[in-house]
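Numbering of ligands and ligand atoms starts at 1, following listing order.
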Amino acid sequence: MEVENEVDNGRASSEEPDVEEDETLAPDGFGMGATNTDEEIEVAQQGDESDPGSDSAVSSEDESIAAPVLHPDDEASDNPLVEDNDDYEEQIRREAFFAPEDDTKKSKAKQSSSDSFQNMSLSRPILKGLASVGFSTPTPIQAKTIPMALLGKDVVGGAVTGSGKTAAFIVPILERLLYRPKKVPTSRVAILMPTRELAVQCFNVSQKLASFTDITFALLVGGFSLREQEKTLRGRPDILIATPGRFIDHMRNSPSFTTDTLEILVLDEADRMLEDGFADELNEILTTIPKSRQTMLFSATMTSRVDSLIRLGLNRPVRLLIDSTNQTVTTLTQEFVRLRPGREDKRLGYLIHLCKGVFSTRTIIFFRQKKEAHRVRILFGLCGLSSAELHGNMSQDQRLSALTSFRTGEATHLLATDVASRGLDIKGVETVFNYTAPQNLNIYLHRVGRTARAGAPGRSCTLAAESDRKVVKAAVKAARAQGAKVVSRNIDSSAVDQWQEKIDGLADEVDAILQEEKALKQMGEAERDVRKAENVMEYEDEIKTRPRRTWFESEKEKKEARAKGAVELNGVQGGKSKTEGKGKLSGKERKSLDAGRERREGRVWKKGRGDGLVKGKAKEKGNGKVKAGTRDKGARKGKAGKVRR
Ligand SMILES: Nc1ncnc2c1ncn2[C@@H]1O[C@H](COP(=O)(O)OP(=O)(O)OP(=O)(O)O)[C@@H](O)[C@H]1O
């Protein structure tokens, strides 16, 4: 039987709940504002029981989703006022770790004049670059960050999705590079991003902003030719924009690449980069980049938990947080569709019904599993919807062409996993649809942040069944706390049932297509193997003489590293803390990290902090002074490394 607010007069409609409807919305929002606490407790218990199973199934399927263990920030993020509730000890540590607020306020004069780019002491080529991309006024995070970054300070920056964080770090970098010593080409800046698409996007934006300068770039990401990138690196480009894996590959295997000269390190989507999956990569990179660097971290869900940041070797960073945590932009309308028990297996019916009738254009749909996204793509095709898919099972070419077809409107729907949840900036996305809720509030905020960017309106719609309860509850709570627009969508359940029937009828056809694809893939792989064997036979001698390429980690090592990283970063294993549940690095771990870093720096880098890029004061000193033979590739982690020829 359908409940009242799931039925309307045969059409889907969206409405802002008034006070009375709020009561109706409350249970749909999983107890948000509901007065019947008994019922809520019962629901909570049921949800908790069912969660772990579904989580583990998901995590084994899709590498791109977050680990099933809770991140301390997520635990905290259930409470939108988390910052206020931090324990006293953490506050003390934070005060010691970050530059005092007063220091930041001292630059008030500077900041009050930073309401325009012209007043920020930026050079003409940079102002021209900004004008050419249509940026006339700095966004709040840009107004705060640019003056601080120009002073060479370490920065921990947080502002809602789509608020212009990319330019906030690119602009001051470009400005400072204008005054670099130019006699010896030197790579001075590394910007690390968690996904290839983001790196490509950042590369494009940076190039546009730098189009009136002579600053050079390299894009170092997987899926593109290693040799081409090696060739580019030989020219020592000023700025390297990279994903961590490929960055390390070059560190180890590209003879012309040195990290010793890097003076600025940026981690975009920094909280993601601090997660377990990147722990070892980050450690390897951090131990090779000079400690005297300027480090800048950005994310819409930026953590300011000292334990997470300590490993990065920040030097009294300035904390620039524009909005309180867990906020969405004010131009976003968040809809939730409750799937009541018994209707949960009709998700596809809801999805197709809504995509056919309501969200028919420029919609990103998020799935937890790659194979789910792919299956729905086939289904969409059979139902007459043009879609593209984006997930980690695709080649880089396929991923980029999927994005292009969605950007151009050729595909009306982008079916994605969380590989697309962060940072992607696609103009005019009207709707973000959560086919299933993500694993935690942070990912939810990033997902819905793909719409309503840079002041534009947008909406999100989340199908919310019992298994989605926890995140939906946190999202609604956070939305309410900031006074965001939350809407209950009424759905014509008979139309959903009709679609579901049709979809069930298409199951065999979908399976047949999947089988066909599988057979084609196997044929392709067999052909490739034959070609490879022929090549090996033909060029055996030459291949043997090639230098041995070392891998950072094997798949097994990577898995182990993830588990280790979870403990190291989150202090959580299977939901339990290692160190008093606080996620702290032990003194021993911290010491060994520092010792490793210092050992390496002592060997390759002698410059003091003040010797970096200084605006208007070009310094040749220190450039090209790295002694030959000081690089110790492959042996850095004491790992044998996998060898590829
Ligand atoms: N000063 C500005 N004036 C006008 N538009 C801007 C300005 N700065 C950035 N934008 C635009 O805002 C959009 C969002 O910028 P950006 O991708 O840097 O956001 P973000 O804060 O990094 O988002 P996310 O957290 O999702 O990564 C982009 O389309 C960009 O072109």
Side-chain angles (χ1 to χ4, degrees), residues 114-120 122 126-147 149 155-174 191-211 241 266-273 296-303 320-323 325-332 362 364 366 403 407 416 418-429 432 438 441-458 460:
S114 56
D115 50 0
S116 89
F117 288 119
Q118 279 73 18
N119 293 338
M120 284 182 177
L122 297 171
I126 308 298
L127 291 172
K128 278 169 85 176
L130 283 163
S132 74
V133 294
F135 296 180
S136 51
T137 315
T139 64
I141 186 72
Q142 292 163 1
K144 273 198 173 186
T145 306
I146 294 172
V155 169
V156 175
V160 288
T161 50
S163 59
K165 293 185 287 295
T166 316
F169 60 79
I170 297 285
V171 167
I173 287 174
L174 296 180
I191 301 172
L192 299 180
M193 333 277 289
T195 66
R196 298 168 184 181
E197 284 75 15
L198 273 191
V200 171
Q201 184 177 293
C202 178
F203 179 72
N204 292 336
V205 172
S206 309
Q207 279 195 316
K208 278 187 197 147
L209 286 168
S211 50
I241 299 173
V266 178
L267 299 185
D268 196 13
E269 306 299 345
D271 56 333
R272 172 82 183 105
M273 304 282 279
M296 293 192 270
L297 316 175
F298 290 88
S299 175
T301 48
M302 192 60 228
T303 179
L320 303 174
L321 303 178
I322 297 298
D323 320 277
T325 46
N326 301 333
Q327 283 208 355
T328 49
V329 290
T330 49
T331 49
L332 176 75
R362 302 199 73 71
I364 302 181
F366 281 103
L403 273 176
R407 273 183 213 275
D418 280 310
V419 78
S421 63
R422 280 174 179 267
L424 279 188
D425 186 54
I426 302 171
K427 294 264 175 301
V429 173
V432 167
L441 179 60
N442 276 359
I443 306 177
Y444 174 86
L445 295 172
H446 285 282
R447 278 187 183 183
V448 299
R450 294 318 97 212
T451 183
R453 296 173 71 74
S460 65

Would you tabulate the side-chain donor-acceptor contacts of residues 127-138 under 3.5 Å, counting partners in other chains and residues two or more places apart, or write 'none'?
unit_1: Ser132; atom_1: OG; unit_2: Gly129; atom_2: O; d: 2.7

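- Within the 4.5 Å cutoff, side-chain heavy atoms of Val171 are placed close to those of Leu122.
- The distance criterion of under 3.5 Å between nitrogen or oxygen atoms is met by Gly164 with respect to ligand 1.
- When each atom of ligand 1 is checked for a heavy atom of Thr166 under 4.0 Å away, the hits are 16 (P), 17 (O), 18 (O), 22 (O).
- Remark: ligand 1 atoms within the under-4.0 Å shell around heavy atoms of Glu269 are 27 (O).
- When all heavy atoms of Val419 and Thr195 are compared, the closest pair comes out as O-CG2, 3.6 Å.
- Counting heavy atoms closer than 4.0 Å to ligand 1, residue Val133 contributes nothing at all.
- The protein non-hydrogen atom at the shortest distance from atom 25 (O) of ligand 1 is Lys165 NZ, 2.7 Å.
- Remark: the backbone N or O of Lys427 is paired with a side-chain donor or acceptor of Arg362 at under 3.5 angstrom.
- Close approach of ligand 1 to Thr137 is summarised as follows: ligand atoms under 4.0 Å from at least one heavy atom of the residue are 1 (N), 2 (C), 3 (N).
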For Ser421 and Tyr444: C-alpha separation, side-chain torsions, deciding distance, then whether side-chain contact (heavy atoms from CB on, under 4.5 Å) applies.
CA-CA 8 Å; Ser421 63; Tyr444 174 86; over 6 Å; no

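- Summary of contacts: the protein heavy atom closest to atom 4 (C) of ligand 1 is Phe135 CD2, 3.6 Å.
- For atom 13 (C) of ligand 1, the nearest protein heavy atom (residue, atom name, distance) is Asp425 OD1, 3.6 Å.
- Ion pairing between a basic and an acidic side chain is recognised when a charged N comes within 4.0 Å of a carboxylate O; Arg453 and Asp425 show such pairing.
- For Lys427, the heavy-atom gap to ligand 1 drops under 4.0 angstrom.
- In this structure, the protein non-hydrogen atom closest to atom 12 (O) of ligand 1 is Ala454 CB, 3.3 Å.
- By the 3.5 Å distance cut-off applied to N or O atoms, Gln201 is not counted among the residues near ligand 1.
- Looking at heavy atoms from C-beta onward, Leu297 lies out of side-chain contact with Val155 at the 4.5 angstrom threshold.
- Under a 4.0 Å criterion applied to the non-hydrogen atoms of Ser163, ligand 1 contributes the atoms 19 (O), 20 (P), 21 (O).
- Among Gly423, Ala456, Gly162, the residue whose heavy atom sits closest to atom 27 (O) of ligand 1 is Gly423.
- Nearest protein heavy-atom contact of atom 8 (N) of ligand 1 is Gln142 NE2, 2.8 Å.
- Of all atoms in ligand 1, listed by their number and element, those nearer than 4.0 Å to a heavy atom of Arg450 are 26 (O).
- Residues passing the ring-ring contact (aromatic ring centres under 6.0 Å, His included) test with Phe366, sequence neighbours excluded: none.
- Counting only N and O atoms by type, the side chains of Thr301 and His446 include a donor and acceptor under 3.5 Å apart.
- Contacts between Thr161 and ligand 1 below 4.0 angstrom, taking non-hydrogen atoms only, involve backbone and side chain alike.
- Interatomic distance, CD1 of Ile126 versus CG of Leu209, reported as 8.0 Å (0.5 Å rounding).
- Counting only heavy atoms from C-beta outward, the side chains of Phe298 and Thr145 approach each other to under 4.5 Å.
- Taking every non-hydrogen atom of Arg453 and a distance limit under 4.0 Å, the qualifying atoms of ligand 1 come out as 14 (C), 16 (P), 17 (O), 19 (O), 20 (P), 23 (O), 24 (P), 26 (O).
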